[in-house]
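Each remark here refers to the structure printed beneath this line.
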Number of protein chains: 2
Amino acid sequence: METRELRYFVAVAEEGHFGRAAERLGIAQPPLSRAIAQLERRLGADLLVRTHRGATLTEAGETLLHEGRAALAAVEAAERRTRRTVETAGAGGSGGRPSVVLTAKAGASSEVIAKLLDAYAAEPGAVEVDLVLCPPAQQSPMLRDGRADVAILHQPFDDVSGFDLEVLLVEEQLLILPAGHALSTRRSVTVAEASSIPGLPLPRWPRVDGSYPEGPGPELRDLTQVLQLVRLGRAAIVLPDSARANLRDGLAVVPLSDAPRVTTVIAWPPHSRSAGVAGLVRTATRL
Amino acid sequence: METRELRYFVAVAEEGHFGRAAERLGIAQPPLSRAIAQLERRLGADLLVRTHRGATLTEAGETLLHEGRAALAAVEAAERRTRRTVETAGAGGSGGRPSVVLTAKAGASSEVIAKLLDAYAAEPGAVEVDLVLCPPAQQSPMLRDGRADVAILHQPFDDVSGFDLEVLLVEEQLLILPAGHALSTRRSVTVAEASSIPGLPLPRWPRVDGSYPEGPGPELRDLTQVLQLVRLGRAAIVLPDSARANLRDGLAVVPLSDAPRVTTVIAWPPHSRSAGVAGLVRTATRL
DNA sequence: GGGCCGTCATACCGGGCGGGTATCGCACCA
DNA sequence: TGGTGCGATACCCGCCCGGTATGACGGCCC
């Protein structure tokens, strides 16, 4: 199976529509139909059910979509990491020193990251660290497709499956309320209570694909903006304990009694051969 | 990057020789040279250094070989699992019920496996389990390229990186000697002592590629044959505790004081969607 | 219910590229 | 200095990918 065929199939599977998939792929619809039909013939499996309003996946199609995405990510990772090897190793000793790409959520664990980067930079033989800050839920895919070499992730929010990891920090979660709110005098609240405070919806976090679930709360894009909403009495939010350092006036904090602990980890692909990743991890475990 | 290019590059990298790689791939040498040159151009990286006696890898080439193997395994897995989905789901409700492929080392952990299969078969909704027994070190690759859905592995011998797993059994290792050997009266021996017993070499285990390391001991292919050699006073062997059940007369057993514990685990790809795998794992954790 | 629309499949054509054979360039070696 | 072994180059052919035009078919609306 060629990656071209996989890309075509994934496009059709995701769009549920040959025409839109062809457009997204930058080709015409007939060659796409033909390629998918050929793939189905070679696999001996019907992947899609064609209807008069598009195409839906069969069971075999679901499997190929799932496994195929992982395979495509692996191929992209191979390509990206090879490119990075040559440009950082400086083919022919030309220039650019080796570096490692570390990705993390913007606005999360900044203290841990700062300590890690400082400590690592002091190590002998440390390579340059490119810090790439991204919206939540993007770190895992970046690690899988080679855009990053190592990531700071948060369990149970991020998908850490398939990665090697070291735990950096375990913390409780807190409910952040407008100062003076009735609940702010409580010693603790439950998750159920926090998610149904009259007039104070919790913000919605983006999904992996960047879309937002349905609901009443504001769409969370920038933590400062959401905290402003909380201060104005328009929302509440649940954050890990370390965020307390960034809070300013006008906010009240109540521990959550039954929320899962947030675990901050450093994660990397299990087959990583990068000396930079190894060094960062070694430094991280010593913190 | 197309999988064809990756396959070509991996072949050349492994053979270190364009001619032999072309033969292995079933094509002529000139198109292969051209394909690799084109890949290098597109990646903007020299992957191979051509010499008058073959080709050796550059640093970028090492990266691509490493990442590329993983990517090819992922693509193969996608293809195999899709094929298996359709043939087991019975396209059109034709026949073949769903099944799951479990792989394990021949001759290891047979007790655990028997208990697991019995317990799972008694579960409601259990699917058929194809048990595939292979030589040591083959289970991990099989899980990675989709030939198997779930595996019984042994730490620290097998490479479990990137898999989800549950521990089934932790055991000490034992030195197996001919009955009456001088060491057989000892309360325990060290690994260093065990690996340098005069006249009693330890057998050599095959590597992932099936080849054997250099050394004096017999090549281990069949455990019964090796135990026969031990009985005859021609070898010694280190085995986990559970192997004690299979020992017959003529053998003495001495605990190893400093050998790592052997951990038997059940492992599966972290993104597995198979109900059969989930059921097997659930059963295994209850044992 | 018949025309119309949307969607995917089929038919057909052209060009690019992958693969083959023949040959060259080159380094080592006897 | 010819021989040998290896990869690169030159050149040709045929397949397959991609494009345009058109067909088949189920819904939908008036």
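So you know, we letter chains A, B, ... as the sequences are listed, proteins then strands, and number each from 1. Every value quoted in this text rests on a predicted model; they were computed, and no experiment measured them.
- If you check D:dG19, D:dG7, D:dA21 against the side chain of A:Pro31, the one that comes closest is D:dG19.
- For the residue pair A:Ser33 and A:Gln29, a side-chain donor N or O sits within less than 3.5 Å of a side-chain acceptor on the partner.
- Across all strands shown, B:Glu5 has no heavy atoms under 4.0 Å from either base or sugar-phosphate atoms.
- Position along DNA chain D of the nearest nucleotide to B:Gly54 versus A:Ala28 favours B:Gly54 as the more 5'-ward residue.
- With rounding to whole Å, B:Ile36 atom CD1 is found 17 Å from D:dC6 atom P.
- In this structure, CD of A:Gln29 is placed 15 Å from C1' of D:dC17, rounded to the nearest angstrom.
- Put simply, CD1 on B:Ile27 is 16 Å from C1' on D:dG14, counting in whole angstrom units.
- Taking A:His17 as the reference, nothing meets the ring-ring contact (aromatic ring centres under 6.0 Å, His included) condition, with sequence neighbours excluded.
- The residue A:Glu2 sits apart from the nucleic acid: no heavy atom pair falls under 4.0 Å.
- Here D:dC11 is the nucleotide among D:dC6, D:dA8, D:dC11 with the atom lying nearest to any side-chain atom of B:Arg34.
- Of the candidates C:dT7, D:dA8, D:dG19, C:dT7 carries the atom nearest the A:His17 side chain, counting heavy atoms from C-beta on.
- With salt bridges taken as basic N to acidic carboxylate O contacts below 4.0 Å, none links B:Glu59 and A:Arg84.
- Taking the side chain of B:Tyr8 as heavy atoms from C-beta on, and the options C:dG19, C:dC8, C:dA11, the nearest nucleotide is C:dG19.
- Proximity of a side-chain donor or acceptor of A:Tyr8 to a complementary backbone N or O of A:Ala21 within less than 3.5 Å is not detected.
- Going from atom CZ of A:Arg20 over to atom C1' of C:dT7 covers 11 Å, rounded to whole Å.
- Here the nucleotide nearest the side chain of B:Phe18, chosen from D:dT20, D:dA8, C:dC8, is D:dA8.
- Of the charged side-chain nitrogens involved, at least one lies within less than 4.0 Å of a carboxylate oxygen, so that B:Glu2 and A:Arg7 count as a salt-bridged pair.
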With B for base contact, S for sugar-phosphate-only contact and - for none (protein heavy atoms under 4.0 Å), nucleotides 23-30 of chain D reads ---SSS--

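- B:Leu25 places its CG atom 15 Å from the C1' atom of C:dG20, with the value rounded to the nearest Å.
- A straight line from CZ of B:Arg50 to C1' of D:dT9 spans 13 Å, rounded to a whole angstrom.
- Between A:Asp159 and A:Arg144, at least one side-chain N (NZ, or NE/NH1/NH2) sits under 4.0 Å from a carboxylate O, which counts as a salt bridge.
- Position along DNA chain D of the nearest nucleotide to A:Ala35 versus B:Gly19 favours B:Gly19 as the more 5'-ward residue.
- Distances shorter than 4.0 Å separate some side-chain N or O of A:Arg4 from OP1 or OP2 on D:dG18.
- Phosphate proximity of C:dC8 to A:Ser33: absent, as no side-chain N or O sits under 4.0 Å from OP1 or OP2.
- In this structure, CZ of B:Arg7 is placed 14 Å from C1' of C:dG18, rounded to the nearest angstrom.
- Under the 4.0 Å criterion applied to side-chain N and carboxylate O atoms, A:Glu79 and B:Arg42 are not assigned as salt-bridge partners.
- You'll find that the side chain of A:Gln38 is closest to D:dC17, out of D:dG19, D:dC17, C:dG18.
- Out of C:dG20, D:dT20, C:dA22, the shortest distance to the side chain of A:Pro30 is found at D:dT20.
- Using a cut-off of 4.0 Å between Lys/Arg side-chain N and Asp/Glu carboxylate O, A:Arg69 and A:Glu14 are scored as salt-bridged.
- Rounded to an integer number of Å, the gap from A:Glu23 CD to C:dG6 P is 14 Å.
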